[in-house]
Amino acid sequence: WQGYQTFLSEKENPLSPQVIDSMDRATNKIVDLFGDPRKEGTWKRRGLVIGDVQSGKTATYLGLVNKAADAGYRLIILLAGGTESLRKQTQERVDEGFTGRDSRIMKEDKTIGVGLYKSSQISILANSLTTQPQDFNKAAATSGNQDIDPKYETPIVFVIKKNKTALENVITWYKA
């Protein structure tokens, strides 16, 4: 969250301190409802961010994603719009506001957005199993030997189209 907060205040069109403080308070209230990710057993948490056009939805849900990662959540699935162009647009914003890397290039040294403000103690902000050019692909994730270890400290984010098949593919791959 701190890297994202700094990014919001120093980007080309920065948000005002009042807007960032308001977002901080609002996202804290929401994160308090998430539950403890270290809790034993099976439980579910889902969230929905709704708002008018140009109302700050993306900035707010990226604030929530960053705070969820800080709280210990390691698997984050964002359902973007139902079209590939909306999914790509959301992935671009996630690259800038959460992973800190441009997923079109995928070079470790190509930092953008929050990646420019990461702490020296953090080697990587987050991994994404989707990129701007490619939605989640079960075959590619399996052949790439991607695995989600509950003890893995780095959060993993998926930005997938909002459709049943895409979500079922992630669930099937995750359970395998």
Side-chain angles (χ1 to χ4, degrees), residues 1 3-5 7-8 11-15 19-20 22-24 26-31 33-34 37 44-71 73-107 110-116 124-142 144 146 148 154-176:
W1 165 253
Y4 183 61
Q5 190 176 20
F7 165 69
L8 291 175
K11 66 183 190 160
E12 187 174 321
N13 295 310
L15 297 181
V19 169
I20 294 171
S22 176
M23 182 188 306
D24 187 25
T27 53
N28 279 343
K29 287 179 184 177
I30 296 168
V31 171
L33 301 172
F34 282 2
K44 295 179 184 181
R45 287 287 184 232
R46 291 179 283 273
L48 176 65
V49 177
I50 298 175
D52 294 321
V53 173
Q54 296 297 312
S55 64
K57 293 180 301 295
T58 305
T60 300
Y61 73 66
L62 285 171
L64 288 169
V65 166
N66 278 282
K67 286 186 177 187
D70 288 347
Y73 282 87
R74 295 296 172 249
L75 177 62
I76 298 164
I77 301 172
L78 292 174
L79 300 178
T83 66
E84 184 59 16
S85 63
L86 289 173
R87 191 206 63 78
K88 285 180 181 182
Q89 180 183 30
T90 302
Q91 181 74 53
E92 181 178 6
R93 296 287 301 272
V94 168
D95 290 353
E96 182 180 63
F98 185 58
T99 67
R101 287 180 317 283
D102 186 340
S103 67
R104 293 173 301 175
I105 301 167
M106 293 309 292
K107 288 184 180 177
K110 178 58 177 155
T111 56
I112 61 170
V114 298
L116 302 172
I124 191 167
L125 293 171
N127 281 327
S128 180
L129 293 185
T130 54
T131 64
Q132 287 182 49
Q134 185 173 333
D135 198 344
F136 177 74
N137 181 304
K138 189 169 45 171
T142 302
Q146 296 288 336
I148 299 176
T154 303
I156 298 173
V157 64
F158 296 84
V159 179
I160 61 174
K161 285 188 292 292
K162 187 175 16 180
N163 72 43
K164 180 181 175 191
T165 303
L167 190 54
E168 284 175 342
N169 284 339
V170 170
I171 292 169
T172 301
W173 171 79
Y174 178 73
K175 287 182 176 180

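Note that the coordinates shown come from a computational prediction; the quantities given were computed from them, not determined experimentally. Heavy atoms only: backbone and side chains are in, while hydrogens, waters and symmetry mates are out.
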Distance in Å, L64 CG paired with T27 OG1, rounded so as to fall on 0.5 Å steps:
5.5 Å
Is T172 reaching over with its side chain to a backbone N or O of N169, donor-acceptor style, under 3.5 angstrom?
no
For the residue pair R101 and N127, establish whether any side-chain heavy-atom pair is separated by less than 4.5 Å.
yes
Within-4.5 Å side-chain heavy-atom neighbours: I76 and I156
no
Nearest-0.5 Å distance, OG1 of residue T60 to CD1 of residue I30:
7.5 Å
Give a yes-or-no answer on whether the side chains of Q91 and S128 include a donor-acceptor pair shorter than 3.5 Å.
yes
Given side chains that start at C-beta, do those of L75 and Y174 come closer than 4.5 Å, heavy atoms only?
yes
Whether the side chain of R74 engages the backbone of A69 through a donor-acceptor N/O pair (distance < 3.5 Å, no angle test) should be reported.
yes
Output yes when a side-chain donor or acceptor of K67 lies under 3.5 Å from a complementary backbone atom of D24, and no otherwise.
yes
For L116 and K11, run side-chain contact (heavy atoms from CB on, under 4.5 Å): C-alpha distance rounded to whole Å, both residues' side-chain angles, the deciding distance at 0.1 Å, then the answer.
CA-CA 11 Å; L116 302 172; K11 66 183 190 160; over 6 Å; no
Say you draw a straight line from CG of N66 to CH2 of W1; how long is it, rounded to the nearest 0.5 Å?
7.5 Å
Does F98 have its ring centroid less than 6.0 Å away from the ring centroid of Y4?
no
Could you state the interatomic distance from CG (L8) to CG (N13), rounded to the nearest 0.5 Å?
12.0 Å
Set out, in order, the CA-CA distance, both residues' side-chain angles and the distance that settles side-chain contact (heavy atoms from CB on, under 4.5 Å) for T130 and R87, then state yes or no.
CA-CA 10 Å; T130 54; R87 191 206 63 78; 4.1 Å; yes
Are any non-hydrogen side-chain atoms of V31 and N28 less than 4.5 angstrom apart?
no
Against V65, only a single residue in L78, T99, V94 fulfils side-chain contact (heavy atoms from CB on, under 4.5 Å); can you say which?
L78
Between E84 and the options K161, Q89, Q134, the side-chain hydrogen bond (donor to acceptor under 3.5 Å, both in side chains) test singles out K161
Check: Y61 and T90 side chains under 4.5 Å, non-hydrogen atoms
yes
Between G82 and L86 the two heavy atoms that sit nearest each other are N-CD1, 4.4 Å
Quick check: do E96 and V114 have side-chain heavy atoms less than 4.5 Å from each other?
no
Y73 (side chain) donor-acceptor with F34 (main chain) under 3.5 angstrom:
yes
Can a donor-acceptor pair be found between the side chains of S103 and D95 at a distance below 3.5 Å?
yes
Distance in Å, I112 CD1 paired with I105 CD1, rounded so as to fall on 0.5 Å steps:
8.0 Å
Could you please spell out the steps behind the side-chain contact (heavy atoms from CB on, under 4.5 Å) verdict for L62 and R93?
CA-CA 8 Å; L62 285 171; R93 296 287 301 272; 4.2 Å; yes
Grab the two heavy atoms, one from V170 and one from F136, that are nearest each other, plus how far apart they are.
CG2-CD2, 3.6 Å
D135 vs F158 side-chain heavy atoms within contact, under 4.5 Å:
no
Is there a side-chain contact (heavy atoms from CB on, under 4.5 Å) between D102 and E92 once you walk through the steps?
CA-CA 7 Å; D102 186 340; E92 181 178 6; over 6 Å; no
